[in-house]
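Sequence lines set the chain letters: A, B, ... in the order given, protein chains first and strands last, and positions in each chain run from 1. Keep in mind the model is a prediction, meaning the values are calculated, not measured.
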Amino acid sequence: MDNGSKSIKGIFEDMLVVVNIFENREVLRSTYTPDHLPHRDDQVKALATILVSALRGETPSNVLIYGKTGTGKTAVAKHVGLELERTGEIYGVPCIVIYMNCEVVDTQYRLLASLARHFDKEIPMTGWPTDQVYTEFKNAIDKDKRIAIIILDEVDKLVSKGDDILYNLTRINADLKKAKVSLIGITNDLKFTEFLDPRVKSSLGEEEIIFPPYDANQIRDILHQRAEMAFKSSVLEETVIPLCAAYAAQEHGDARRALDLLRVSGELAERAKAQKVTESQVKQAQEKIETDRVVEVVKTLPTQSKLVLLSTVHLSNNGGCNITTGEAYNIYKNMCRLIGIDTLTQRRVTDLISELDMLGILNATIVSKGRYGRTKEICLSVPTDSTRRVLFEDYRLKPLETYNPPGQMKLYG
DNA sequence: CTTCCACGGGAACACTGGGGTG
DNA sequence: CACCCCAGTGTTCCCGTGGAAG
């Protein structure tokens, strides 16, 4: 065997000889809904108790489901919905469950349009007046005698743009002759009803179900259940699952996070051609998930936001944590001029900064500097050089790679 | 008590991508 | 075809406001 051919062959051999540690990795994705949801029996039963009246031909109460991310709200709702449809078929009571994610369909028009399309109505993406879409949907659903359950996931995302849509939906039964509609709202914002029209609030919140966060033990059970299906037997070191569970329990008991962690750990092990998944891979995975998230977020930012971020990166190179909006705005303005992009107003830029804050890339706190006014003190919460690298992948920002902000001489002790 | 700067709510506007009508 | 209507999004304009240094 001569060296040359070995190395060529070696490349592909290496890739083919993957120690396949996954049996079925789809099981670890958040889109997968298992048949049995551990530690959620109470919630399943509660929801089923409310919805069972549909099978008796009555309209179930509207339900509001509360719980932090990754506590199984969506999974439970979908699971119970599926069971309801199935049982309804057996008993000859037509029930339909419609799932809507309000983060995707986040306006009145789009929500009504997608609901109507569920009944094979052709609604253009835009153009019609909203009440026409509403009428279309109403007629479609009222064609037959049936009970429709509409699941509104992330319903808080809808409310921020006016709650008339919820008002209309809660009152739709008054307009219907044959069909009946009831709503299931899912939210992770415990206070979101505060800003709701009181009529909507009382109607939507006829019943409430709370999903408490999982504790570390419960997450461990969930991981065990899924790991059994996902991995080949005994490829996980003993400590892997407890560690994943512990990490996720710190993050307010987010089961989705735990599953991601387990999956990424497995993928890392696979890539390293290891026979087993070890504790250190879990730690790597923890970091990888976080950096991947940041890179993804920064990459997909609109150009203006990228520029704002870049100006704070410039400033934090030689200032640290005390960047004010004014400073950042000046540099932003300069850079816009340099690359020929129109500058936004300061008002708008403060909004962009707040958005970056929400995304966890920045940390902006409002401080009052007495005589010297009021401002945001901005602090980057991601590493500067890797952020720069990601930002300069954008061809529009490329010319700024050599840009040096003026006024670098203010170094406070 | 004054003063200062930017915060942040709200109205208004421009623009986009679509529809219906004469 | 021209023209106006509609929802939605991003932006600008206007302005009242907070709160500690001076």
Side-chain angles (χ1 to χ4, degrees), chain A residues 100-117 121-140 152 154-169 191-192 194-197 297 300-309 311-312 315-316 319 321-337 339-359 361-380 394 396 407 410 412:
Chain A
M100 286 280 137
N101 189 336
C102 302
E103 203 172 12
V104 190
V105 278
D106 60 348
T107 63
Q108 298 194 58
Y109 185 96
R110 287 212 269 269
L111 182 64
L112 288 170
S114 351
L115 285 172
R117 286 196 202 107
K121 288 277 177 182
E122 303 231 332
I123 311 280
M125 278 162 52
T126 107
W128 285 8
T130 308
D131 51 345
Q132 190 178 342
V133 185
Y134 174 81
T135 319
E136 201 75 14
F137 164 62
K138 199 189 68 193
N139 293 340
L152 298 173
E154 320 253 344
V155 65
D156 40 321
K157 298 280 169 8
L158 254 190
V159 174
S160 53
K161 312 197 175 171
D163 51 10
D164 3 346
I165 175 65
L166 284 178
Y167 181 70
N168 289 335
L169 277 181
K191 297 179 298 182
F192 107 102
E194 276 178 24
F195 312 103
L196 235 47
D197 185 318
V297 167
T300 53
L301 242 32
T303 315
Q304 294 286 3
S305 301
K306 281 182 182 170
L307 277 168
V308 173
L309 178 58
S311 63
T312 63
L315 282 165
S316 66
C321 246
N322 23 34
I323 308 163
T324 65
T325 313
E327 291 171 323
Y329 185 64
N330 282 334
I331 296 191
Y332 159 82
K333 248 191 324 200
N334 277 334
M335 294 196 299
C336 280
R337 243 201 344 261
I339 60 173
I341 283 181
D342 24 335
T343 50
L344 301 176
T345 52
Q346 185 154 330
R347 174 73 190 84
R348 180 68 187 131
V349 169
T350 53
D351 276 349
L352 292 182
I353 291 174
S354 304
E355 280 167 29
L356 291 173
D357 188 7
M358 294 285 199
L359 291 168
I361 302 174
L362 294 181
N363 215 314
T365 43
I366 326 110
V367 287
S368 185
K369 297 199 166 187
R371 189 68 219 304
Y372 303 104
R374 191 162 86 129
T375 186
K376 264 190 177 132
E377 213 156 68
I378 306 163
C379 180
L380 220 54
D394 190 324
R396 282 161 297 195
K410 36 178 182 169
Y412 318 100

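- Within 4.0 Å (heavy atoms only), A:T365 reaches no atom of the nucleic acid at all.
- In this structure, NZ of A:K157 is placed 18 Å from P of C:dG8, rounded to the nearest angstrom.
- Of the residues near DNA chain B, A:P124 and A:G326, the one whose nearest nucleotide (by heavy atom distance) lies more toward the 5' end is A:G326.
- The side chain of A:T130 contributes an N or O atom lying less than 4.0 Å from OP1 or OP2 of C:dA7.
- Nearer the 5' end of DNA chain C, as judged by each residue's closest nucleotide, is the contact made by A:D106, out of A:D106 and A:D351.
- A donor-acceptor pair shorter than 3.5 Å cannot be found between the side chains of A:R374 and A:S368.
- Side-chain nitrogen and oxygen atoms of A:T350 include none within less than 4.0 Å of the OP1 or OP2 phosphate oxygen of B:dA6.
- As a whole-Å value, the separation of A:D342 CG from B:dA14 C1' is 13 Å.
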Pairs under 3.5 angstrom, nitrogen or oxygen only, protein versus nucleotides 15-22 of chain C, please.
{"unit_1": "C:dG18", "atom_1": "N2", "unit_2": "A:R374", "atom_2": "N", "d": "3.4"}
{"unit_1": "C:dG18", "atom_1": "N2", "unit_2": "A:R374", "atom_2": "NE", "d": "3.3"}
{"unit_1": "C:dG18", "atom_1": "N3", "unit_2": "A:R374", "atom_2": "NE", "d": "3.3"}
{"unit_1": "C:dG19", "atom_1": "O4'", "unit_2": "A:S368", "atom_2": "OG", "d": "3.4"}
{"unit_1": "C:dG19", "atom_1": "N2", "unit_2": "A:G370", "atom_2": "O", "d": "3.1"}
{"unit_1": "C:dA21", "atom_1": "O4'", "unit_2": "A:R371", "atom_2": "N", "d": "3.0"}
{"unit_1": "C:dG22", "atom_1": "OP1", "unit_2": "A:Y372", "atom_2": "OH", "d": "3.1"}

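- Side-chain atoms of A:L309 and A:L380, non-hydrogen and from C-beta on, do get closer than 4.5 Å to each other.
- One atom, CZ of A:R348, and another, P of B:dC13, lie 19 Å apart when rounded to the nearest Å.
- A:Y134 and A:Q108 share no donor-acceptor pair across their side chains, judged by distance under 3.5 Å alone.
- Going from atom CG of A:D164 over to atom P of C:dA7 covers 11 Å, rounded to whole Å.
- Note: CG (A:D131) to C1' (B:dG20) measures 14 Å, nearest angstrom.
- For A:T345, a side-chain nitrogen or oxygen approaches OP1 or OP2 of C:dT12 to under 4.0 Å.
- Contact of the A:L169 side chain with the A:L111 side chain is registered, since non-hydrogen atoms from C-beta on lie closer than 4.5 Å.
- Between A:L359 and A:L301, some side-chain heavy-atom pair lies under the 4.5 Å cut-off.
- Rounded to an integer number of Å, the gap from CH2 of A:W128 to P of B:dG20 is 6 Å.
- Looking only at side-chain heavy atoms (C-beta outward), A:S354 and A:K376 come within less than 4.5 Å of each other.
- Side-chain atoms of A:P129 lie closest to C:dC6 of the nucleotides C:dC13, B:dA6, C:dC6.
- Contact check on A:K369 versus A:E377 returns a salt bridge, with a Lys/Arg side-chain nitrogen under 4.0 Å from an Asp/Glu carboxylate oxygen.
- Minimum atom distance to the side chain of A:I366 is reached by B:dG8, of the listed C:dT9, C:dT12, B:dG8.
- Summarising the geometry, the separation between CE on A:M125 and C1' on B:dT16 is reported as 11 Å, rounded to the nearest angstrom.
- The distance from atom CG of A:L356 to atom P of B:dC7 is 13 Å, rounded to the nearest whole Å.
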